[in-house]
Amino acid sequence: MKAVSPASANMTDTVAFLGLTLQPRSIPEMNKLVEQGIRERQKWIIANHNLHSVYLLHRHPKLREFYSHAHWTYVDGMPLVALGRLYGYPLQREQRVTNVDWTGPLMELAASRGWRVFNLGSSKQVAEQGAAKLRNRYPGLQIEVSDGFFDARRDSAENEALVKRINAYRPDLLMVGMGMPRQEYWTQENFSQLDAHVILSSTGAALEYIAGAAPTPPRWAGRIGLEWMFRLAHEPSRLFSRYLIEPWYILLLLLMDYPRSRYAAKEQGRAQAAYAGPDEQSSPIQMRGD
């Protein structure tokens, strides 16, 4: 993964720290990105990162491969905003985008633009209930759904039938929400066969919140980074390890990586100062990591 210096973070789309490569954006900016991909008939994977994905990324080579192929990766979690600031990047609270907050504005845009949306994930009942509520909320929205409980092996009969169904619908926007890392693995394994423009590979439980099958965390808690406490209280057995054990592993990674990163940044600064001319020394050297 290519890195970019914190000094140039406000001049480029990409920041990198702790083994991550991110393109932080606000919800309006994410909507513009999706619209661009659909308008230009791109075939993009738009992924996200949170603390759970950081933990998995450092333990599973297959997930690292997925993120290396993703075209855009946004920030999903206030802890990553805080970590980015620690590494010297001017990340803002608005650049933390969760599907709880983003699904509504995105579906409103989809309805106004006439996009075809396909959501893969949740149980059949929940998916259909969520889609029905979205259609009522955003008149004109074209959305089809399929549950996430199927044999996801690429060559299985169920998976082949699902891919054919998706391609017959030809979605402008494909949303995949089957839990991490299953949703990312499925996206990568089937990417070449999918006839879709923009693929959101990590929509998680978006339709479950819309359908009311899962309680929506208070938005004030999300804004200050305490949403995890609400979710843990409602699903302690499933989320205990994610919220109370995995962060210790990430803390260990941070303790090993941060001093090394600071030392490398200082050495880079010395090298730039030594070889820059007088004019170049008067302003920071801008680096771009595409």
Side-chain angles (χ1 to χ4, degrees), residues 1-2 13-14 16 18-25 30 33-34 36-38 40-77 80 97-99 102-103 106 116-122 127 144-207 242 246 289-290:
M1 291 180 246
K2 297 181 180 179
D13 289 330
T14 301
L18 206 61
L20 312 179
T21 300
L22 303 163
Q23 292 82 32
R25 280 172 167 79
M30 290 302 303
L33 179 65
V34 172
Q36 176 189 345
I38 294 173
E40 296 177 356
R41 304 185 69 81
Q42 300 284 354
K43 190 176 180 181
W44 284 344
I45 294 175
I46 299 180
N48 65 13
H49 261 310
N50 52 38
L51 282 189
H52 182 50
S53 70
V54 176
Y55 173 80
L56 295 174
L57 178 80
H58 285 274
R59 295 174 66 86
H60 299 287
K62 188 175 180 180
L63 194 60
R64 290 197 293 274
E65 181 182 358
F66 163 80
Y67 279 106
S68 71
H69 291 131
H71 301 86
W72 307 91
T73 305
Y74 62 92
V75 177
D76 175 11
L80 290 192
V97 174
T98 72
N99 291 297
W102 187 24
T103 300
L106 181 60
R116 293 184 302 275
V117 180
F118 195 104
N119 188 91
L120 172 61
S122 302
E144 294 292 331
V145 298
S146 181
D147 69 83
F149 298 92
F150 63 99
D151 185 346
R153 291 175 298 175
R154 183 177 178 182
D155 296 329
S156 74
E158 289 183 348
N159 190 68
E160 290 180 353
L162 172 63
V163 171
K164 287 181 180 178
R165 182 186 169 197
I166 293 172
N167 289 344
Y169 185 64
R170 297 187 63 195
D172 297 296
L173 178 62
L174 173 60
M175 302 167 65
V176 187
M178 300 190 294
M180 189 175 286
R182 186 171 183 255
Q183 57 199 7
E184 287 80 13
Y185 292 166
W186 183 89
T187 299
Q188 177 159 320
E189 291 169 358
N190 294 278
F191 178 75
S192 63
Q193 305 300 319
L194 291 169
D195 186 4
H197 295 312
V198 174
I199 304 173
L200 300 183
S201 62
S202 308
T203 58
L207 281 195
R242 180 183 301 188
E246 292 179 9
D290 294 317

Novice: With distance as the sole test, does Q23 use its side chain to make a donor-acceptor pair with the main-chain N or O of T73 at under 3.5 Å?
Specialist: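 Pair found, side chain donor or acceptor close to backbone of T73.
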
Novice: Write down the atom of S53, the atom of M180, and the distance for their closest heavy-atom approach.
Specialist: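 Answer, listing the atom of S53 first, then M180: CB-SD, 3.3 Å.
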
Novice: Taking all non-hydrogen atoms of both residues, which atom of M175 and which atom of V117 are closest, and how far apart?
Specialist: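 What the structure gives for the nearest pair is SD-CG1, 3.7 Å.
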
Novice: Measure the spacing between CD of Q193 and CG of N167 and express it to the nearest 0.5 Å.
Specialist: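 Q193 atom CD to N167 atom CG measures 8.0 Å (nearest 0.5 Å).
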
Novice: Can you tell me how far NE2 of H71 sits from CD1 of I46, rounded to the nearest 0.5 angstrom?
Specialist: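 The CD1 atom of I46 sits 10.0 Å away from the NE2 atom of H71.
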
Novice: Quick check for you: to the nearest 0.5 Å, what is the distance between L174 atom CG and I45 atom CD1?
Specialist: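 One gets 10.0 Å once the value is rounded to the nearest 0.5 Å.
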
Novice: Which value, rounded to the nearest 0.5 Å, describes the distance between N190 atom CG and N159 atom CG?
Specialist: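 If we round to the nearest 0.5 Å, N190:CG and N159:CG are 4.5 Å apart.
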
Novice: Is R25 reaching over with its side chain to a backbone N or O of Y74, donor-acceptor style, under 3.5 angstrom?
Specialist: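 No.
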
Novice: So, for D76 and N50, which heavy atoms are closest and what is the spacing to 0.1 Å?
Specialist: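 Taking D76 first and N50 second, the nearest heavy atoms are O-CB, 2.7 Å.
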
Novice: For L33 and W44, work out which heavy atoms get closest and say how close.
Specialist: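 Closest approach of L33 to W44: O-CZ3, 3.4 Å.
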
Novice: Assess the pair H49 and Y67: is the distance between their ring centroids shorter than 6.0 Å?
Specialist: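 Centroid separation for H49 and Y67: below 6.0 Å.
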
Novice: List the steps, then state whether side chain to side chain contact (heavy atoms under 4.5 Å, CB included) holds for F191 with K43.
Specialist: CA-CA 9 Å; F191 178 75; K43 190 176 180 181; 3.7 Å; yes

Novice: Counting only heavy atoms not in K164, do more than 12 fall under 6.0 Å of its NZ?
Specialist: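 Count not over threshold, so no.
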
Novice: Find the distance between CG (D151) and CG (L162) and round it off to the nearest 0.5 Å.
Specialist: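 The CG atom of L162 is 11.0 Å from CG of D151, to the nearest 0.5 Å.
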
Novice: Step by step, work out the side chain to side chain contact (heavy atoms under 4.5 Å, CB included) result for L194 and V163.
Specialist: CA-CA 7 Å; L194 291 169; V163 171; 4.3 Å; yes

Novice: Hey, does D195 have a side-chain heavy atom less than 4.5 Å from the side chain of I166?
Specialist: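 The answer is no, as the side chains (C-beta and beyond) never meet within the 4.5 Å cut-off.
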
Novice: Could you tell me whether the side chain of N48 and the main chain of S202 form a donor-acceptor pair under 3.5 Å?
Specialist: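 Such a contact is found between N48 side chain and S202 backbone.
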
Novice: Please check if the side chain of S156 supplies one atom and the backbone of A152 the other of a donor-acceptor pair under 3.5 Å.
Specialist: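 Between the backbone of A152 and the side chain of S156 there is no qualifying donor-acceptor contact (under 3.5 Å).
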
Novice: Any donor-acceptor pair under 3.5 Å linking the side chain of R242 with the backbone of H52?
Specialist: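 Checking the backbone N and O of H52 against the side chain of R242, no donor-acceptor pair under 3.5 Å is found.
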
Novice: Less than 3.5 Å apart, which donor and acceptor atoms pair up between the side chains of residues 54-61 and the rest of the protein, not counting sequence neighbours?
Specialist:
from : atom 1 : to  : atom 2 : distance (Å)
Y55  : OH     : R59 : NE     : 3.3
H58  : NE2    : L18 : O      : 3.1

Novice: Mark yes or no for whether N99, through its side chain, and L207, through its backbone, hold a donor-acceptor pair below 3.5 Å.
Specialist: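 The answer is no, because no donor-acceptor pair under 3.5 Å joins these two groups.
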
Novice: Nearest 0.5 Å, please: how far is CD in Q188 from CD1 in I199?
Specialist: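 Spacing of CD1 (I199) from CD (Q188) equals 11.5 Å.
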
Novice: Measure across L63 and Y185 and return the closest heavy-atom pair with its distance rounded to 0.1 Å.
Specialist: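 L63 and Y185 have their closest heavy atoms at N-CE2, 3.8 Å.
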
Novice: Keeping the roles fixed (side chain from S201, backbone from E184), state whether a donor-acceptor pair exists under 3.5 Å.
Specialist: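 Here the side-chain-to-backbone pair does not exist.
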
Novice: Checking side chain to side chain donor-acceptor pair (under 3.5 Å) between E189 and each of R154, R153, K62, which is the one that passes?
Specialist: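 Result: among R154, R153, K62, K62 is the only option passing the side chain to side chain donor-acceptor pair (under 3.5 Å) with E189.
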
Novice: Honestly, is R182 close enough over F150, meaning NZ or CZ under 6.0 Å from the six-membered ring centre and within 45° of the axis?
Specialist: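 So R182 does make the cation-pi contact.
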
Novice: Between S122 (side chain only) and D147 (backbone N and O only), is there a donor and an acceptor less than 3.5 Å apart?
Specialist: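 Such a contact is absent between S122 side chain and D147 backbone.
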
Novice: Please report the shortest heavy-atom distance between E144 and Y169, naming the atom on each side.
Specialist: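 Minimum heavy-atom separation between E144 and Y169: CG-CE1, 3.3 Å.
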
